[in-house]
Amino acid sequence: MLTRPIPSTGEAVPVIGLGTWRAFDVGTGEATRQPLLEVLRLFLDAGGRIIDSSPMYGRAEAVTGDLLAEVSGQPRPFLATKIWTTGRERGVEQMRRSDQLLRTDVIDLMQIHNLVDWRTHLATLRRMKDEGRIRYIGITHYTTGALPELARILASEPGIDFVQLGYSLATRAAETELLPVAAARGVAVIANQPLERGDLFRRIRGRVLPGWAAEFDCASWAQLFLKYVLAEAAVTCVIPATGSPAHMKDDLAAGFGRLPDERQRQRIRTLWDV
Ligand SMILES: NC(=O)c1ccc[n+]([C@@H]2O[C@H](COP(=O)([O-])OP(=O)(O)OC[C@H]3O[C@@H](n4cnc5c(N)ncnc54)[C@H](OP(=O)(O)O)[C@@H]3O)[C@@H](O)[C@H]2O)c1
C-alpha cells in the first residue's frame, strides 16, 4: 500500500486507514462481529495500520480492542482515539478507559475530539507525550465551519502532530482553508467522512464509472472518491468506515497504484459538479 510520512517524525503510515464510528458500535453477537473481524483481517493483511475511534462512538473502542486481540500476530496497528469530555481529571480518566478498552499501554495518536475543551487537554497531552504514554497529538473536527479555528490552532500552538478534518469530493473547503496551513506547519492530515457517511454513493446511483478512471488504476466509485482525496499531497491518510468485508476490499484498493494528477482531479470535479 502507498504510504506517506508523518511530517513531525518521518514515520511512514499507509494511506488507507479505518474509521469505526457506527460500523464498530455493535453488540457481542457472533453474527454482527464476524464480518468486522473479517474487515480487520483484510485491512491488516493489505498493509493498513491506522484505526480511528473515540469514546463518543459507543461500543466501538471496546469492539476494536476485542477484535484486535483475536487477530494478534498481525503487524501492530496504529491506534488513534480521542478525548471527548471537559476538565483535566475527566480527560485523564477517559484516556485511561480508552487504554483498557483498546488493550494497550500506549495510544499512538490521541486527538482532541471536535476541539472540546482543547486548551485544557492540549496541556495534558503534551505532558503525556513527554512521558511516552502517547506517541502523537492531534486535534479533530468534521464541519467546514470549524476549519478556521483548526487553522488558527495549528498556526499558533506548537507540538500538534496531526489534524483530522472533513474532506471529500463533495466537501472541498479544506483544500483552501486548511491543507495549506497543515503543509506549512508540517502537520499530518487525516481526512474523515471521505464518503460523506455513504451519501456519495446515493448521489451517483445509476451512473457508470467513466472509462478514464482506469488511467489512475481506479475500478469503482469508492476508489475514485478516496483517490481524489489522497491525491492531495498534504493528506497523510483517509479513514473510510465500513462493516462490510466487500466494501473494505474495495476501499483498500484505493491505496494501490496511481493517483489522479491535477488534470484528472479537475476532470473528477467537473464530473461531480454538473
Ligand atoms: N470529529 C471527528 O473526529 C470525526 C467526525 C466524523 C468522522 N470521524 C471518523 O471518520 C470516520 C469515517 O467517517 P464516517 O464513518 O462518518 O463516514 P464515511 O467513512 O464517509 O462513510 C461510511 C459509510 O460509507 C459506507 N461505505 C464504506 N465503503 C464503501 C464502499 N466501498 N462502497 C459502498 N459503501 C461504502 C459505509 O457503509 P458499510 O458499512 O455498509 O460499508 C458507511 O455507511 C469515522 O468512522 C470516524 O472514525 C471523525
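Each ligand, and each atom within it, is numbered from 1 in the order the structure gives. Given the structure is predicted, the values throughout are model-derived calculations rather than measurements.
- Taking every non-hydrogen atom of Asp52 and a distance limit under 4.0 Å, the qualifying atoms of ligand 1 come out as 9 (C), 46 (C), 47 (O).
- Put simply, no part of Met56 is less than 4.0 Å from ligand 1, judged by heavy atoms.
- With a 4.0 Å cut-off on non-hydrogen atoms, Asp250 touches ligand 1 through its side chain and not its backbone.
- Checked for salt-bridge contact, Arg96 and Glu93 meet the test: a charged N lies under 4.0 Å from a carboxylate O.
- With respect to Gln266, the side chain to side chain donor-acceptor pair (under 3.5 Å) criterion is satisfied by exactly one of Arg269, Arg263, Glu262: Arg269.
- Using a 4.0 Å cut-off between heavy atoms, Glu196 contacts ligand 1 through its backbone alone, with no side-chain atom that close.
- Residue contacts with ligand 1: Ala23 is excluded, as none of its non-hydrogen atoms falls under 4.0 Å.
- The atoms of ligand 1 that sit less than 4.0 Å from any heavy atom of His113 are 1 (N), 2 (C), 3 (O).
- What sits closest to atom 28 (N) of ligand 1 on the protein, heavy atoms only, is Asp251 OD2, 2.9 Å.
- Under the 30°/60° scheme for interplanar angles, the aromatic rings of Phe78 and Phe162 are found to be tilted.
- The backbone N or O of Cys218 lies less than 3.5 Å from no partner atom in the side chain of Lys227, so there is not a single donor-acceptor pair.
- Considering backbone and side-chain atoms together, Arg22 places no N or O closer than 3.5 Å to any N or O of ligand 1.
- Expressed to the nearest 0.5 Å, how far CD of Glu61 lies from CD of Gln100 amounts to 10.5 Å.
- Exactly one of Thr85, Thr124, Thr81 qualifies for a side chain to side chain contact (heavy atoms under 4.5 Å, CB included) with Met95. That residue is Thr124.
- The option from Tyr142, Phe201, Phe225 that lies nearest to atom 33 (C) of ligand 1, judged by heavy atoms, is Phe201.
- Residue contacts with ligand 1, taken as heavy atom pairs separated by less than 4.0 Å, involve Thr20 solely via the backbone atoms N, CA, C and O.
- Side chains of Gln193 and Thr171 form no contact here, defined as non-hydrogen atoms less than 4.5 Å apart.
- Contacts between His141 and ligand 1, counted as non-hydrogen atom pairs separated by less than 4.0 Å, involve the backbone only.
- The Asn114 neighbourhood of ligand 1 comprises atoms 1 (N), 2 (C), with distances under 4.0 Å to a heavy atom of that residue.
- Across Ala241, Gly198, Pro194, heavy-atom proximity to atom 36 (C) of ligand 1 is greatest for Ala241.
- Between Ser53 and ligand 1, no N or O atom pair is found at a separation short of 3.5 Å.
- A cation-pi geometry, defined here as NZ or CZ lying under 6.0 Å from the six-membered ring centre and within 45° of its normal, holds between Arg265 and Tyr228.
- You'll find the side chain of Leu18 reaches within 4.5 Å of the side chain of Leu40, heavy atoms only.
- Under a 4.0 Å criterion applied to the non-hydrogen atoms of Asn192, ligand 1 contributes the atoms 2 (C), 3 (O), 4 (C), 5 (C), 7 (C), 8 (N), 9 (C), 10 (O), 48 (C).
- At a heavy-atom distance under 4.0 Å, only side-chain atoms of Thr140, from C-beta outward, approach ligand 1.
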| said: Could you go through Trp84 and Tyr57, starting from their C-alpha distance and side-chain angles, then the distance that decides it, and tell me whether this counts as ring pair (Phe, Tyr, Trp, His ring centres under 6.0 Å)? | reply: CA-CA 10 Å; Trp84 182 64; Tyr57 303 161; 8.6 Å; no

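- Taking 4.0 Å as the cut-off between side-chain N and carboxylate O, Glu196 and Arg203 do not count as a salt-bridged pair.
- Of all the heavy atoms of Tyr57, the ones lying under 4.0 Å from any atom of ligand 1 belong exclusively to the side chain.
- In the vicinity of Pro240, heavy-atom distances shorter than 4.0 Å reach the ligand 1 atoms 19 (O).
- With a 4.0 Å heavy-atom cut-off, ligand 1 is reached by the backbone of Trp21 and by its side chain too.
- If you check which protein heavy atom lies closest to atom 40 (O) of ligand 1, you get His247 ND1, 3.5 Å.
- In this structure, the side chains of Val163 and Arg185 stay at 4.5 Å or more apart for every pair of heavy atoms.
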